[in-house]
Amino acid sequence: MAGRFPPRPTRTTVRGGHLPVPRSLDTARDLDLGLTLGPLRRGPADPTFRATPDGSVWRASRTPDGPGTLRVRVVGGRAEAEAWGPGAAWLLDGLPALLGAEDDPTAFVPRHKLILATHRRRPGLRLTRTGLVLESLIPSVLEQKVTTHEAYGSWRVLVRKYGEPAPGPAPEGMYVMPDARTWTQIPSWEWHRANVDGKRSATIVRAARVAARLEEAALMDGPAARARVELVPGIGPWTSAETIQRSNGAPDEVTTGDLHLPGIVGWALAGDRTTDDEAMLTLLSPYTGQRHRAARLILLSGRVPPRRAPRMTPGDIRHL
């Protein structure tokens, strides 16, 4: 990706609100908006994320300046964006990083025929960088040791109940997640009603109480950022990697401690579905510096080991 934003137009006030401030950005013509921003979506009904039939991606975010809504689409090889709300300018300033301008896909050298084939088939993949830690950390905590179906449901319930409607002409049903203070004030019984156990809710509350320090991690390199996030009790290597991959666009922060990823990587690269974390990291060692990208490409290849056991049964603590 290359290019610069043109000078920003003067913001105009009308009826007590603000008109959207459009931005455009030169992009590589093969930028795949769905692949790049897809990791930010927490399930098909995520209230903070929406993809519309016209090819636009909408995001509702809690920025340092307040809530904001961003609409992005690629037209004629250029990314066009509009934003609304107090956080509009912040979201537009971060648009290049969000679309992977700070990512360098040329640094990646495929060394396995499967990865090479996927790399050629998916040239529009860029690693996004949101610059927002808590936004990725909280849903990642919700995904700890439960099915994605459970975690996505909890995220929807909490954001819709304690967040606020997305500013501007966002699609119906979009919400901005709660601010840090609100997360700390959610009653224990409401966590229970959202199907979140005490361990995960306590971790989220602890993280929200030190949100300002955690957000500093967005400006750190990958290892330092993960170390900062892991200072919060209840946040380990799996959660920190899932967070920093999104907030920092870190190309080398591969997820460890995952139930499925080692077996998928082992099966794709060595035909071994019993691969553990240590063996996975060994297999990915030729991609040091780009291990997260290599893992993404393996997942995008669709080569996964045949299922041998039933899916994990979703739990529900709401009736306990």
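All values below come from the heavy atoms of this structure, side chains included, with hydrogens, waters and symmetry mates left out.
- With respect to Arg42 and Glu143, a salt bridge is recorded, a charged nitrogen being found less than 4.0 Å from a carboxylate O.
- The shortest distance between side-chain heavy atoms of Leu33 and Leu99 falls below 4.5 Å.
- Between Arg126 and Leu31, the closest side-chain pair of non-hydrogen atoms falls below 4.5 Å.
- Hydrophobic cluster membership is shared by Leu284 and Val304, with clusters built from Ile, Leu, Val, Met, Phe, Trp and Tyr side chains linked at under 4.5 angstrom.
- Contact annotation: the side chain of Tyr152 never approaches that of Asp46 to less than 4.5 Å [non-hydrogen atoms, C-beta and beyond].
- Shortest non-hydrogen contact noted between Pro67 and Arg62 is CD-NH1, 3.7 Å.
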> Under the side chain to side chain contact (heavy atoms under 4.5 Å, CB included) criterion, do Tyr162 and Gln185 qualify, and how do the steps go?
Replying inline: CA-CA 10 Å; Tyr162 293 100; Gln185 295 178 335; over 6 Å; no
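- In this structure, Thr288 and Asp252 approach most closely via the heavy-atom pair C-OD1, 3.7 Å.
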>> What verdict does the side chain to side chain contact (heavy atoms under 4.5 Å, CB included) test give for Leu299 and Leu261, after you've listed the backbone C-alpha separation in whole Å, the side-chain angles of each residue and the deciding distance to 0.1 Å?
In response: CA-CA 8 Å; Leu299 291 172; Leu261 185 60; 4.1 Å; yes
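- Cluster annotation: Leu125 and Leu95 are assigned to distinct hydrophobic clusters (Ile/Leu/Val/Met/Phe/Trp/Tyr, side-chain heavy-atom contacts under 4.5 Å, transitive).
- Between Pro139 and Glu242 there is no side-chain heavy-atom pair separated by less than 4.5 Å.
- Nearest heavy atom pair, residue Val205 against residue Thr184, reads O-CG2, 3.9 Å.
- Ion pairing between Asp197 and Lys145 fails under the 4.0 Å rule for side-chain N and carboxylate O.
- Taken together through direct or relayed side-chain contacts under 4.5 Å among Ile, Leu, Val, Met, Phe, Trp and Tyr, Tyr287 and Leu114 form parts of separate hydrophobic clusters.
- Checked by atom type, the side-chain pair Ser56/Arg71 shows a donor-acceptor distance below 3.5 Å.
- In plain terms, the two heavy atoms of Ser240 and Glu230 that are nearest each other are OG-OE2, 2.6 Å.
- With contacts defined as side-chain heavy-atom distances shorter than 4.5 Å, the pair Thr118/Pro110 does not qualify.
- Salt bridge present: Arg59 and Glu135 bring a charged side-chain N and a carboxylate O closer than 4.0 Å.
- Contact check for Leu40 versus Thr48: no side-chain heavy atoms found under the 4.5 Å cut-off.
- Shortest non-hydrogen contact noted between Thr63 and Gly87 is OG1-CA, 3.4 Å.
- Residue Arg213 qualifies as open at atom CZ: its count of foreign heavy atoms under 6.0 Å is 12 or below.
- Under the 4.5 Å side-chain heavy-atom criterion for grouping Ile, Leu, Val, Met, Phe, Trp and Tyr, Leu134 is connected to Val196 within one hydrophobic cluster.
- Judged by distance alone, the side chain of Gln245 and the main-chain N or O of Glu253 form a donor-acceptor pair under 3.5 Å.
- Closest heavy-atom contact between Ala81 and Leu70: CB-CD1, 4.0 Å.
- In the hydrophobic clustering of this structure, Ile115 groups with Met280; members are Ile, Leu, Val, Met, Phe, Trp, Tyr whose side-chain heavy atoms approach within less than 4.5 Å, directly or through other members.
- Distance alone, capped at 3.5 Å, places no donor-acceptor pair between the Gln290 side chain and the Pro251 backbone.
- Counting only heavy atoms from C-beta outward, the side chains of Pro306 and Arg273 approach each other to under 4.5 Å.
- For Phe49, there are no ring-ring contact (aromatic ring centres under 6.0 Å, His included) partners at least two apart in sequence or on another chain.
- In this model, no donor atom of one side chain and acceptor atom of the other lie less than 3.5 Å apart for Arg200 and Thr203.
- Among Leu281, Asp277, Asp272, the single residue meeting the side-chain contact (heavy atoms from CB on, under 4.5 Å) criterion with Pro262 is Asp277.
- Looking at Leu283 and His112, their side chains never come closer than 4.5 Å, going by heavy atoms from C-beta outward.
- A donor-acceptor contact shorter than 3.5 Å is absent between the side chain of Trp191 and the backbone of Gly198.
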